[in-house]
2 protein chains.
Amino acid sequence: MPMTHDAPDAIIDALSIDCLIFGFQKNELDILLVQHGEGISKGKWALPGGWIKYNEGADDAAARILHDLTGVSRIYLEQLRAFGDVHRYPTKRVITIAYYALVKPEAYTLGAGFTASDVKWFKLGDVPTLPYDHSDILEAGLRHLKHKVRHEPIGFNLLPRKFTLLQLQELYEALLGQKLDKPNFRRKLMKMNLLLPCKEKQTDVSHRAASLYRFDKKTYDKLSEKGFTFEL
Amino acid sequence: MPMTHDAPDAIIDALSIDCLIFGFQKNELDILLVQHGEGISKGKWALPGGWIKYNEGADDAAARILHDLTGVSRIYLEQLRAFGDVHRYPTKRVITIAYYALVKPEAYTLGAGFTASDVKWFKLGDVPTLPYDHSDILEAGLRHLKHKVRHEPIGFNLLPRKFTLLQLQELYEALLGQKLDKPNFRRKLMKMNLLLPCKEKQTDVSHRAASLYRFDKKTYDKLSEKGFTFEL
DNA sequence: ACAAAAGTGTTCATCCTACACCCATGC
DNA sequence: GCATGGGTGTAGGATGAACACTTTTGT
């Protein structure tokens with residue numbers, strides 16, 4: 001019997017959510033995985049996921065799952081797409097909607113209700129074999145991210161609020177998988193007028209301190225309306 | 001009671017599919033709509049859609065719906081994304097997975113099992129008010145298409161197999177919403193080596209006949225592997 | 001002094017744009 | 001011959017890659 005508004009908190013059958021949560025540390029892209037406590041794939045690391053309630057939107061469900069896991073809200077979160085192969089899930093037919101999130105190091109307050117052994121950051125190179133079609137989802141998410149990051153200024157969501165130009169460059173080098181020329185990268189970014197100088201410098205570095213910048217979202221929104229598009 | 005393999009042909013509850021089917025005629029982008037024969041929105045034009053069976057993948061379901069409607073298979077078809085707002089559908093909770101298809105004029109054999117009054121092409125300017133969140137889906141699809149067409153050679157799916165450079169240019173002008181310079185457009189495309197000359201010319205035109213070309217998918221696939229990316 | 005990274009300048013090839021121009025064909 | 005679109009040429013500006021160079025700061 002299909003459930004309706006009579007049971008608003010009940011979950012929708014055959015439809016789940018999975019989240020790709022990306023972070024950036026030590027010049028490497030990381031992904032957050034959870035360890036299954038029970039069920040068929042007990043002990044296996046997998047993408048964090050959950051079910052959609054009848055009385056919440058799909059986006060809201062993804063945000064809820066993310067919040068439960070990290071304790072943080074207002075994180076960059078977008079839908080990737082749905083994965084609907086017949087055999088993607090072994091025990092019954094489940095279609096999943098995949099989301100991807102980009103979190104700043106400041107938000108790395110893991111595990112509201114979780115222990116360190118439940119939730120862990122994995123460097124992309126160290127990701128274990130994932131169950132179901134989670135490897136496909138991860139691969140699709142990475143490809144999507146790699147592409148999107150070049151055309152929209154979303155990469156800033158992976159950096160602390162204040163960052164140096166080198167940090168930004170290294171982020172892009174990691175995401176795009178290629179070295180970039182420092183002077184050229186610097187000039188290109190500066191010419192966009194999207195970096196707001198913090199009038200501060202790095203501290204505790206054993207070399208000349210770099211200026212800190214913030215991403216200027218307001219200006220970006222204004223420029224976007226006028227037809228400007230962020231490139232590379 | 002959740003349905004399982006016991007009833008493989010049964011449909012999945014609370015999950016539907018909607019298709020944006022784009023065509024190109026008279027230098028205008030068209031979209032295919034169907035008229036609802038029954039139910040709440042009887043008489044209204046809406047996106048063609050359907051339900052997913054327990055024994056078919058989501059992509060397969062979209063292809064099936066598309067085939068039932070147009071009688072054609074092997075059409076360019078990709079998932080846009082899922083739309084999961086709580087209130088997007090009035091009578092009960094339904095999340096939909098939206099797909100978009102690009103069809104060539106040759107495939108305009110409408111209505112296997114439909115009459116002309118059931119299914120119709122609408123110029124984008126003449127699209128009536130759509131029910132549910134179908135306007136949102138259309139808008140999202142258009143935005144996506146506009147972007148994607150610049151970075152991947154999918155526009156060819158909207159043209160006949162053999163086309164002239166001007167047809168191609170006019171397609172892009174319609175999609176991007178701007179005039180393009182003929183000589184430059186021509187050179188840019190030719191330099192990519194993705195257009196295979198048919199060694200044929202137009203007939204029945206009251207001016208100098210243009211050469212016909214085909215899109216060279218094989219070469220494109222080869223170039224892609226080597227890192228080439230189609231741009232504009 | 002040296003290491004390490006911050007920043008600046010300059011060259012050169014390449015690409016893109018804008019526009020002028022000639023060609024072929026039907027009426 | 002003239003309208004219509006097919007198709008080519010070219011000058012000049014903008015862009016971007018490559019790399020040399022100077023500056024600042026901690027050890």
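Naming: A, B, ... by sequence-line order, numbering from 1 per chain. The shown structure was predicted, so the numbers you read here are calculated from the model rather than taken from an experiment. We use all heavy atoms of the structure for the numbers below, so side chains are in, but hydrogens, waters and symmetry mates are not.
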N/O donor-acceptor pairs under 3.5 Å from side chains in residues 146-160 of chain B, not counting sequence neighbours:
{"residue": "B:His147", "atom": "NE2", "partner": "B:His151", "partner atom": "NE2", "Å": "3.4"}
{"residue": "B:Lys148", "atom": "NZ", "partner": "B:Glu78", "partner atom": "OE1", "Å": "3.3"}
{"residue": "B:His151", "atom": "ND1", "partner": "B:Glu231", "partner atom": "OE1", "Å": "3.0"}
{"residue": "B:His151", "atom": "ND1", "partner": "B:Glu231", "partner atom": "OE2", "Å": "3.3"}
{"residue": "B:Asn157", "atom": "ND2", "partner": "B:Ile154", "partner atom": "O", "Å": "3.0"}

Side chain proximity check, A:Val103 to A:Leu32, heavy atoms < 4.5 angstrom: no
Below 4.0 angstrom, which residues in residues 188-207 of chain B have at least one non-hydrogen atom near DNA chain C? B:Lys191, B:Val205, B:Ser206, B:His207
Where along residues 174-186 of chain A does a heavy atom fall under 4.0 Å from DNA chain C? A:Lys182, A:Pro183, A:Arg186
Lys/Arg-Asp/Glu bridge criterion (N-O < 4.0 Å) met for A:Arg88, A:Asp18: yes
Any salt bridge between A:Asp221 and A:Lys217, counting N to O under 4.0 Å? yes
May I have the list of side-chain donor-acceptor pairs in residues 182-194 of chain B shorter than 3.5 Å, sequence neighbours left out?
{"residue": "B:Asn184", "atom": "OD1", "partner": "B:Arg187", "partner atom": "NH2", "Å": "3.0"}
{"residue": "B:Asn184", "atom": "ND2", "partner": "B:Asp181", "partner atom": "OD2", "Å": "2.9"}

Rounding to a whole Å, what distance do you find between B:Gln169:CD and C:dT17:C1'? 14 Å
Starting at CD of A:Gln167 and ending at C1' of C:dA5, how long is that distance when rounded to a whole Å? 13 Å
Are there more than 12 heavy atoms of other residues, nucleotides or ligands under 6.0 Å from atom CZ of B:Arg214? no
Do any side-chain atoms of residues 200-213 of chain A form donor-acceptor pairs under 3.5 angstrom with protein atoms, and if so which ones, sequence neighbours left out?
{"residue": "A:Glu200", "atom": "OE2", "partner": "A:Lys162", "partner atom": "NZ", "Å": "2.5"}
{"residue": "A:Gln202", "atom": "OE1", "partner": "A:Ala210", "partner atom": "N", "Å": "3.1"}

Contact interval (first through last nucleotide) of DNA chain D with protein chain A, 4.0 Å heavy-atom: D:dA17 to D:dG26
